Amino acid sequence: MIIISNAPFDPGALLTEFQNNHPEAGAAVTFTGMVRSTPERPITALILECYPDLAQNEIAAIRTAAIARFNLIDAAILHRYGRLVPGEPIMQVMTLAPHRQAAFDGAQYLMDYLKTDAPFWKQEETETGTEWVEAKTADDTARDRWR
Amino acid sequence: MIIISNAPFDPGALLTEFQNNHPEAGAAVTFTGMVRSTPERPITALILECYPDLAQNEIAAIRTAAIARFNLIDAAILHRYGRLVPGEPIMQVMTLAPHRQAAFDGAQYLMDYLKTDAPFWKQEETETGTEWVEAKTADDTARDRWR
Amino acid sequence: MKILYFAWLRERLNRASDDVTPPAEVRTLNDLITWLRANDEALDLAMANPKQFKLSKNARIVPWETEITDADTIAILPPMTGG
Amino acid sequence: MKILYFAWLRERLNRASDDVTPPAEVRTLNDLITWLRANDEALDLAMANPKQFKLSKNARIVPWETEITDADTIAILPPMTGG
């Protein structure tokens, strides 16, 4: 399952739906990314821009690669775009595997590739205006460990 | 939150409850362990024995150590005991952190220690009887990487 | 040929897309970017560090060496910050 | 002193617990296990590979060198297989 959407989602409901009907699965790992606002850097919203057609294709390719590499039983990715307020879930990745290490590795692999290869761009909205979030070289490093 | 219980639980509902009201959290990782039955090794049930007082204390200690080590905002562990059928969730670990790597590392740390240091014992029930699950030395190895 | 711009590149150019007709010698994405930059000062400036951009052709990320035709939709993608 | 047995150890001994009164020279868990094994052939056999067992005192896992008293509840724990 791949969902690119500007509608809010319920992380728990998504997990429940994903896990059902797989008696051969022993382990599920779920990653949820949320909009963060801290006292040091308070933001009023996060605005995500997206190229939906490309997002769909690239995420599908990353998902297929993860399933093959870690022998996953299933993997699902949901990513939102649009304007999100602090605390709101931005995206969720879920993996299902016979055992825990494959489920953890698969989820981390998906996250590392999504960070650098999925066409989304974040803008932070504060009291004083909006600012594009800069890409982190740490994200490239995280992705490159899988090469 | 630590729950040691013989009652079924809903992984998704637990996740939704756990994630709420933490605007400073950017990442949540959830691990769910389920009863597994495969065509090669079909089981009718998994029966978990537990020493509840010790489980409560040891899991609390593991949780406190994980929160301190990875600067987690929160961590929760639920572990069932009793008779569970294939597909049923056995346990769930959830971590909440500012960023993704701490959330992933915290969840793996909790899992690795729970596997070797939480007083639960699994018995597989098949058509022909029951059999105690043997502890894996791989679990000791996984735990020891954190030392 | 359709060219799409995203995020801060779109903002700096003040438009989300262009329709262009490059000359026949523009065969690859590399050629296209060189030609676009030569004809657009704002784009040239915004792409001063070209290696940070990924390019897509018909909604797939492809290498800069990829051949293109007039029927393709090309996107110029600043470093991504999703996830 | 209360002794608790779990999982396959409980099954092999055919009981979940014992109430025992060890002699005064039994000061540590190490001493206790030695004394229990000397007085119970089934336990002695089941614990032939003693290092695989963890021990708890009053619901906390503690080293085998830990001192104990008559008021303590001790558990002998086969390798755990939770998670």
Side-chain angles (χ1 to χ4, degrees), chain A residues 9-43 46 73 85-101 103-105 107-112 114-115 136 138-139 141-142, chain B residues 9-43 46 73 85-101 103-105 107-112 114-115 136 138-139 141-142:
Chain A
F9 72 96
D10 176 340
L14 209 64
L15 174 59
T16 300
E17 189 192 327
F18 176 71
Q19 278 183 355
N20 278 339
N21 302 315
H22 291 284
E24 75 279 25
V29 167
T30 302
F31 177 88
T32 314
M34 286 93 68
V35 179
R36 213 175 151 241
S37 181
T38 61
E40 304 80 48
R41 171 85 183 148
I43 67 168
L46 199 63
I73 294 165
V85 297
E88 265 195 279
I90 305 167
M91 53 92 62
Q92 187 155 301
V93 153
M94 298 178 289
T95 56
L96 207 56
H99 301 291
R100 79 183 187 282
Q101 200 54 54
F104 271 118
D105 289 345
Q108 293 217 55
Y109 176 98
L110 286 170
M111 282 308 303
D112 289 344
L114 285 173
K115 281 272 173 190
K136 296 194 193 101
D139 287 332
T141 311
Chain B
F9 72 96
D10 176 340
L14 209 65
L15 173 59
T16 300
E17 189 191 327
F18 176 71
Q19 279 184 353
N20 279 340
N21 302 316
H22 291 283
E24 74 279 26
V29 168
T30 303
F31 177 88
T32 315
M34 286 92 68
V35 179
R36 211 175 154 242
S37 181
T38 60
E40 303 79 50
R41 172 82 183 153
I43 68 167
L46 199 62
I73 294 166
V85 297
E88 265 195 281
I90 304 167
M91 52 93 62
Q92 187 155 302
V93 154
M94 298 178 288
T95 57
L96 208 54
H99 301 291
R100 78 183 187 284
Q101 200 53 55
F104 271 118
D105 288 346
Q108 293 216 56
Y109 176 98
L110 286 170
M111 282 309 303
D112 289 344
L114 285 172
K115 282 269 171 191
K136 294 194 193 101
D139 287 331
T141 310

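Bear in mind the structure is a predicted one, so any value in this text is a computation, not a measurement.
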Top residue by heavy-atom pair count (under 4.5 Å) with chain B, among [options]?
{"options": "A/Ala28, A/Ala25, A/Pro39, A/Pro11", "result": "A/Ala28"}
{"options": "A/Glu17, A/Lys115, A/Glu88, A/His22", "result": "A/Lys115"}
{"options": "A/Met111, A/Gln101, A/Glu24, A/Gln108", "result": "A/Gln108"}
{"options": "A/Pro86, A/Gly12, A/Gly33", "result": "A/Gly12"}

For this session: Report yes if some heavy atom in the side chain of A/Ile90 is under 4.5 Å from a heavy atom in the side chain of A/Thr32; otherwise report no.
Result: no

Exercise. Looking at side-chain heavy atoms only, is the closest gap between B/Asp10 and A/Thr16 below 4.5 Å?
Worked result: yes

For this session: Against chain A, work out which of B/Asp112, B/Asn20, B/Leu14 has the most heavy-atom pairs shorter than 4.5 Å and name it.
Result: B/Asp112

Exercise. If you count heavy-atom pairs under 4.5 Å between each of B/Ala27, B/Gly87, B/Gly26 and chain A, which one has the most?
Worked result: B/Gly26

For this session: Could you tell me which residues in residues 91-99 of chain A have at least one non-hydrogen atom under 4.5 Å from a non-hydrogen atom of chain B, sorted by residue number?
Result: A/Leu96, A/Pro98, A/His99

Exercise. Is chain A contacted by the side chain of B/Gln19, its backbone, both, or neither, given a heavy-atom distance below 4.5 Å?
Worked result: side chain

For this session: Sort B/Ala142 into side chain, backbone, both or neither according to what part of it lies under 4.5 angstrom from a heavy atom of chain A.
Result: side chain

Exercise. Between A/Ser37 (side chain) and B/Pro23 (backbone), is there a donor-acceptor pair under 3.5 Å?
Worked result: no

Exercise. For B/Arg41 and B/Arg36, what are the C-alpha separation, side-chain angles and deciding distance, and is it a side chain to side chain contact (heavy atoms under 4.5 Å, CB included)?
Worked result: CA-CA 9 Å; B/Arg41 172 82 183 153; B/Arg36 211 175 154 242; over 6 Å; no

For this session: In sequence, state the C-alpha distance, the side-chain angles, and the governing distance for A/Arg100 and B/Asp139, and then conclude on salt bridge (Lys or Arg N to Asp or Glu O under 4.0 Å).
Result: CA-CA 11 Å; A/Arg100 79 183 187 282; B/Asp139 287 331; 3.3 Å; yes

For this session: Could you walk me through whether A/Thr30 and B/Phe31 pass the side chain to side chain contact (heavy atoms under 4.5 Å, CB included) test, one step at a time?
Result: CA-CA 7 Å; A/Thr30 302; B/Phe31 177 88; over 6 Å; no

